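Taking it in order: structure first as C-alpha cells, then the write-up.
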Amino acid sequence: MLPLIPLDKANHACYGGMLACLGSMHSIAVGAAVCAFFAIAKEVRDRVSGKGTPDVLDAVATMLGGVVVLAPLVAWRLA
C-alpha cells in the first residue's frame, strides 16, 4: 500500500521543507521565498537544459513541503 505518493514527489517535498527551514532561520517570509524560488527555478532549469522533465506538480510538491514546515511557525507567531 505504501508509498502513497510517488518517490519523486516525496523527494521534492523533503527538499522544499529543508529549503523553507533554512530560509526561516532569517524569517518566515524568507523561508517561503527561498522555497518558492527553488521550486520554480528547478523546473525552469529542467525545461531549458532538457536534462530533466519539467513538471508543475514537482514545483507544487516542493512548495507543499515548505508549507508543512512554515505553517506551524506562522501559527506559533499568531498565537
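Treat the numbers as computed from the prediction; the structure is a model and nothing was measured. Side-chain atoms are counted along with the backbone in the values below, which use heavy atoms only and exclude waters and symmetry mates.
Within the structure, salt bridge (charged side-chain N to carboxylate O under 4.0 Å, His left out) contacts touching residues 7-23 (residues at least two apart or in different chains) are Lys9-Asp55, Lys9-Asp58.
Connection of Leu64 to Leu4 is not established within any shared hydrophobic cluster, with ILVMFWY side chains joined at heavy-atom distances below 4.5 Å, either directly or through further cluster members. Hydrophobic clustering (ILVMFWY, side-chain heavy atoms < 4.5 Å, transitive): Tyr15 and Phe37 are in one cluster.
Considering CD1 of Ile5 and CG of Leu57, their distance stands at 11.5 Å, rounded to 0.5 Å. Atom CG of Leu7 and atom NE2 of His12 lie 10.0 Å apart (nearest 0.5 Å).
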Give every donor-acceptor pair under 3.5 Å between a side-chain atom in residues 17-36 and any protein atom, sequence neighbours left out.
{"from": "Ser24", "atom 1": "OG", "to": "Ala20", "atom 2": "O", "distance (Å)": "3.2"}
{"from": "Ser24", "atom 1": "OG", "to": "Cys21", "atom 2": "O", "distance (Å)": "2.8"}
{"from": "Ser27", "atom 1": "OG", "to": "Val30", "atom 2": "N", "distance (Å)": "3.2"}

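Annotation: side chain of Lys42 is not in contact with side chain of Arg47 (no heavy-atom distance under 4.5 Å).
Not a single side chain to side chain contact (heavy atoms under 4.5 Å, CB included) links Val68 to another residue, sequence neighbours left out.
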